[in-house]
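Some notes on the structure that comes next.
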Amino acid sequence: MINVTLPDGSIKEFESGTTVLDVAKSISEGLARNVISAKYNGTTVETKTQLTTDGSLVLFTWRDDEGKKAFWHSTSHVMAQAIQELYPGAKLTIGPAIENGFYYDVDFGEYKVSENDFKKIEDKMLEIARGKHEFKMREVSKQDALDFYKKENNPFKVELIENLTDGDITFCDHDTFTDLCRGGHIPNTGIIKAVKLMNIAGAYWRGDEHNPQLTRVYGVSFPKQKELKEYLELLEEAKKRDHRKLGKELQLFTFSQKVGQGLPLWLPKGAALRERLENFLKKAQQKAGYEQVVSPHIGQKELYVTSGHYAKYGEDSFQPIKTPSEDEEFLLKPMNCPHHCEIFNSQAWSYRDLPKRFAEFGTVYRYEQSGELHGLTRVRGFTQDDAHIFCTPDQLDEEFKKVIDLVLYVFGSLGFENFTAQVSLRDPENKEKYIGEEENWVKAENAILNAAKEKGLNYVIETGEAAFYGPKLDFMVKDALGRSWQLGTIQVDYNLPERFDLTYKGSDNDLHRPVMIHRAPFGSMERFVAILLEHTGGNFPLWLMPEQAIVLTLSEKYEKYSQKVLNLLENHEIRALADNRSETMGKKIREAEMNKLPYMLIVGEQEEQDGTVSVRKHGGEDLGAMKVEEFAEIINKEINSSLKSFETEV
RNA sequence: GCCGACGUAGCUCAGGGGUAGAGCGCUUCCUUGGUAAGGAAGAGGUCACGAGUUCAAUUCUCGUCGUUGGCUCCA
C-alpha cells in the first residue's frame with residue numbers, strides 16, 4: 001500500500017500500482033472525467049501513470065495552467081503527426097507548449113509551407129484527434145532511440161538524444177506516431193475538439209542564429225469549439241488596443257519613410273502627453289533630490305572608447321560622424337552615462353557632497369536590427385528618463401531602495417499593477433562576456449537582491465540577462481498581446497566610475513571610487529507611452545489626457561456661450577475644446593466618444609439661460625446640468641484621487 | 001540581419017493583364033437640432049519605388065524601400 005497526499009493535506013491509502021486516474025475517481029467521478037494531467041512529487045506524470053511510492057499528488061484539469069500545458073503539448077504531437085503524414089520529408093525537432101498554445105519547429109526541406117497549408121493540416125489534426133488515440137509513454141535505451149531517428153534520417157532528434165543520458169529517455173506513442181518526449185500528456189487525442197494554426201515563422205535550431213533556420217508552426221487548441229471562438233475574439237479585442245493603431249487614431253505620433261525607420265515623430269497631442277509625463281516625473285525627482293542636467297546628442301568617439309561601449313557595440317551601431325577636418329569622429333549618443341560621468345568629473349567632490357543624482361530626459365540613438373523595430377516599443381531614436389546616481393559604496397543599498405520607491409510610485413500613479421520585477425544576473429558560465437571585477441559583481445548582485453527582497457518585490461531571477469557592465473533590476477510589463485517589455489530599469493555599475501576615473505574625497509582625506517546607479521523609471525518615453533496606451537486603451541488618467549473635456553453646442557446659436565464656457569474652463573486649468581459644427585448632437589457625441597474625450601459638456605438654450613453645462617461622461621453616464629465651477633471641482637477631485645505626490649521616506 | 005506575410009484615396013479596406021472602387025474623413029450647400037452616424041453635391045489616387053515579361057502591368061516575375069508575425073539581438 002502507498003500513501004498519497006492530496007493538495008488539501010489529506011492522505012489517502014491506495015494499492016501500489018494505482019493510476020492517477022484511479023485516485024481521481026476515488027475523489028469524484030466529475031474530477032475523473034476532467035483530469036488531464038498531474039504532478040506526482042513535483043514531477044509531471046500522465047493520468048495512466050502507476051503510482052508505486054508514497055508521495056503528494058496534484059491533479060490538473062483544463063482550467064489549470066498545467067492542464068493547458070499538457071493539452072497543448074499533446075496537440076503539438078498531433079500536429080507533428082499530421083505534418084509527417086502530409087509532408088513525408090519533413091523532419092521534426094522540438095514542439096513545446098507555450099503560454100498561449102504550442103509550436104513545433106520543423107525542417108520542411110525544400111518545401112515552403114505557408115498559411116495556405118493550414119487548413120489541410122488542421123483538418124488532418126482533427127481527423128487524428130477524433131481517433132481518440134491514447135498517449136502512451138515508454139522507456140527506450142539510448143541506442144534504440146538513436147537507431148530510430150537515424151533510420152528516419154533526422155539529425156536534430158539524434159543531436160537531442162546524444163545529449164541525454166541512457167535510462168532517462170522516453171518515447172511517446174499515439175496512433176501510428178512516435179516522438180521523443182519527456183511526458184506530460186492528456187489521456188487521449190479525443191478531447192482535442194478545436195485546433196487553429198496561428199502563424200508560421202523562422203526559428204533557428206536551438207535558438208542560435210549560426211544554426212540552420214527551421215520553420216516554426218504556431219497553433220492553439222481547445223476542448224470546445226466555443227472556447228476557440230472566444231479566444232479568437234479576445235485576440236481581436238487585444239488588437240484594438242494596439243498602440244500603433246491608437247497612436248494613429250488619437251493623433252499622438254507617426255512615422256515617415258523619408259525620416260527613416262524606427263524614428264518616431266511626435267504629433268502635438270502626443271508631445272503634450274509626453275511633456276506631462278516628464279513634468280510628473282521631474283516633480284517627483286526634484287523631491288527625491290535629483291538635479292537636472294543637459295548634454296549634447298553627440299560625443300567624440302573617444303568618449304565611447306573610454307566607456308567601453310565602442311568596443312562592445314561600435315561595429316554594430318550608427319557609424320561615426322565625420323567633420324570637415326580629418327581625424328575627428330563623433331558618435332550619436334546611444335546612452336547618456338558617459339556624458340554624465342564627465343559632468344561628475346567637472347569638479348572635485350567630497351563624500352559630504354554625495355550622493356549626486358544627475359537626471360536628464362536624454363534622447364539617444366541605437367542602430368537596432370531592422371527586424372526588431374516595433375511601433376514605439378522598439379525604435380532607433382528615443383528619449384530615456386535617465387538619471388545617474390553617484391554615491392559612496394555605503395550609500396548604495398539605501399540609494400537603490402529609494403530608486404525602487406520612485407519606480408513603484410511612478411507605476412502606481414499610472415495604474416501599472418501587473419508588472420514583474422526581474423533581477424538580471426551574470427551568466428556564471430560565460431564570465432568573459434562581462435567587464436568589471438569579480439568582487440564588484442558579487443557586491444552589486446547582492447545589493448540588488450537585498451533591495452528587491454527588502455522592498456517586498458515579487459521578482460524573478462534571470463541568470464545571463466545582466467548588462468555587460470553590471471546586474472540590473474527591470475520592471476517588466478506586458479502589452480495587449482501578452483508580450484513582455486522592459487519599462488523601468490535600475491542598474492548598478494562599478495565599471496564606468498573606474499573607466500572614467502571618477503573620484504571623491506573621503507573622510508580619511510584619500511580619494512575613493514564612487515558607485516554609479518543607472519536608472520529610468522519609465523524606461524523610455526516612447527515605450528512607456530506605447531504600453532500605457534495598450535493598458536488604458538487610450539483612456540488615460542484624466543491628468544494625462546490631451547483634452548479633458550469638449551463643449552458640444554446644440555446649434556451654431558450657442559457658439560458664443562461655448563466660448564464663454566471654454567474661457568471659464570481655461571481659468572480652472574482644464575484642457576478643453578469646443579465642437580461648434582452644424583452637426584447633430586448624436587453625431588458630436590459619437591465622435592467625442594470615439595476620440596475618448598473623458599467629459600462632454602452639452603450646451604443649448606437651457607444651459608445658456610441658466611449659465612450651466614450638461615455633463616456627460618465618456619461611456620454614457622449623465623451627470624446632469626451644473627455650473628462650470630462645480631464641474632471643475634469634479635475634475636480636480638478625480639485628478640487628485642489618482643495623482644498623489646511623491647513622498648520620500650527619510 | 002534571418003524566415004513568412006503585407007504595401008490601392010488622409011483613415012479602414014474591396015478589386016483585379018485592357019490606365020480604379022466603397023465607407024469614414026475633407027470642402028460647399030441645405031438642415032438649427034437634446035445624449036453614439038440628418039441630407040445633397042464635390043474634390044481627392046503615377047495602385048510604395050525600380051527593372052523585367054507582354055501589344056498592354058496597379059494586377060505576373062525579380063529587386064529595393066517600408067510595415068508586420070516570429071527568430072536572433074536589445075548598452
Side-chain angles (χ1 to χ4, degrees), chain A residues 98 103 105 108 112-116 198-218 242 244-245 248-249 251 254-262 304 307-314 316-317 333-338 364 366-375 377-380 384 435 465-470 472 474 481 483 485-486 489 491 493 495-496 518 527 552-559 581-594 600-607 614-625:
Chain A
I98 51 175
Y103 67 76
D105 282 351
F108 281 92
K112 288 231 183 286
V113 266
S114 75
E115 292 179 11
N116 297 330
M198 302 303 288
N199 48 51
I200 49 178
Y204 302 106
W205 167 236
R206 306 200 126 193
D208 186 334
E209 61 179 321
H210 305 293
N211 284 339
Q213 196 161 37
L214 307 165
T215 303
R216 179 169 294 180
V217 184
Y218 285 90
D242 189 315
R244 293 165 296 195
K245 180 173 149 42
K248 197 178 267 180
E249 286 171 3
Q251 298 172 13
T254 189
F255 288 89
S256 144
Q257 256 200 60
K258 274 213 181 74
V259 172
Q261 58 179 168
Y304 304 101
S307 71
H309 290 104
Y310 189 79
K312 178 90 178 169
Y313 295 103
D316 308 314
S317 203
K333 78 172 167 189
M335 81 289 300
N336 306 295
C337 11
V364 298
R366 296 178 183 177
Y367 182 77
E368 305 288 4
Q369 296 184 62
S370 59
E372 263 312 324
L373 299 174
H374 180 97
T377 49
R378 194 80 184 268
V379 287
R380 286 180 169 172
Q384 296 177 312
I435 56 179
E465 290 294 312
F468 76 101
Y469 52 76
K472 53 184 183 171
D474 291 329
L481 286 174
R483 294 173 289 211
W485 295 92
Q486 172 213 309
T489 181
Q491 311 179 5
D493 188 349
N495 179 54
L496 281 184
H518 308 246
R527 187 177 287 177
L552 306 179
T553 50
L554 209 47
S555 88
E556 285 156 345
K557 285 187 284 194
Y558 311 107
E559 194 172 337
R581 295 173 306 162
S582 75
E583 297 288 353
T584 56
M585 186 48 61
K587 177 144 181 168
K588 290 183 183 188
I589 287 176
R590 180 179 157 79
E591 281 186 20
E593 284 286 344
M594 292 200 301
M600 289 152 234
L601 310 181
I602 295 156
V603 297
E605 193 180 352
Q606 197 63 51
E607 288 79 6
S614 286
V615 182
R616 177 199 156 103
K617 262 186 109 154
H618 176 70
E621 193 187 341
D622 188 355
L623 304 186

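All values reported here derive from a predicted model rather than from experimental measurement. Chain naming here is simple, since letters A, B, ... match the order of the sequence lines and numbering starts at 1 in each.
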Neighbour count >12 (heavy atoms, 6.0 Å) for atom CD, A:Glu605: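 No.
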Could you tell me the separation between the [atom1] atom of [X] and the [atom2] atom of [N], rounded to a whole number of Å?
{"X": "A:Asp242", "N": "B:rC11", "atom1": "CG", "atom2": "C1'", "answer": "16 Å"}
{"X": "A:Lys245", "N": "B:rU68", "atom1": "NZ", "atom2": "P", "answer": "15 Å"}
{"X": "A:Lys112", "N": "B:rC3", "atom1": "NZ", "atom2": "C1'", "answer": "8 Å"}
{"X": "A:Phe255", "N": "B:rU67", "atom1": "CZ", "atom2": "P", "answer": "8 Å"}

Indicate whether OP1 or OP2 belonging to [N] is found under 4.0 Å from a side-chain N or O atom of [X].
{"X": "A:Arg483", "N": "B:rG69", "value": "yes"}
{"X": "A:Gln257", "N": "B:rC65", "value": "no"}
{"X": "A:Ser555", "N": "B:rG33", "value": "no"}
{"X": "A:Lys587", "N": "B:rU35", "value": "no"}
{"X": "A:Arg581", "N": "B:rU27", "value": "no"}
{"X": "A:His374", "N": "B:rU67", "value": "no"}
{"X": "A:Arg244", "N": "B:rU68", "value": "yes"}

Member of A:Glu559, A:Glu556, A:Glu591 meeting the salt bridge (Lys or Arg N to Asp or Glu O under 4.0 Å) criterion with A:Arg581: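 The option that passes is A:Glu591.
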Base, sugar-phosphate, or nothing for [X], non-hydrogen atoms under 4.0 angstrom?
{"X": "A:Gln486", "answer": "nothing"}
{"X": "A:Arg616", "answer": "base"}
{"X": "A:Gly207", "answer": "sugar-phosphate"}
{"X": "A:Lys588", "answer": "nothing"}

Side-chain H-bond candidate by donor/acceptor type, A:Ser614 with A:Glu607, under 3.5 Å: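 Side chains of A:Ser614 and A:Glu607: pair found under 3.5 Å.
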5' precedence on RNA chain B between A:Gly371 and A:Ala201 (nearest-nucleotide basis):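 Mapping each residue to its closest nucleotide by heavy atoms, the 5'-most match is A:Gly371.
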Closest-nucleotide ordering on RNA chain B, the 5'-leading residue of A:Tyr313 and A:Gln606: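 Per heavy-atom nearest nucleotide, the more 5' residue is A:Gln606.
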For A:Met600 against A:His618, the heavy-atom pair lying closest together: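 Looking at all heavy atoms of both residues, the shortest contact is CE-CA, 4.0 Å.
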Heavy-atom closest pair, residues A:Tyr304 and A:Pro334: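 Result for this residue pair: CE2-CD, 3.6 Å.
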Test: A:Glu583 and A:Arg590 ion pair at under 4.0 Å: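 No, A:Glu583 and A:Arg590 are not salt-bridged.
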Presence of salt bridge, A:Arg206 and A:Asp208, under 4.0 angstrom: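 No, no charged N to carboxylate O under 4.0 Å.
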From CD (A:Gln384) to CG (A:Asn336), nearest 0.5 Å: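 It is 5.5 Å, given to the nearest 0.5 Å.
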Base B:rC73 paired with A:Arg378 side chain (donor-acceptor, <3.5 Å):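 Answer is yes: a donor-acceptor pair is held.
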Pair assignment for RNA chain B - dot-bracket with | for other-strand partners, Watson-Crick or G-U under 3.5 Å: (((((((..((((....[..)))).(((((.......))))).....(((((..]....))))))))))))....
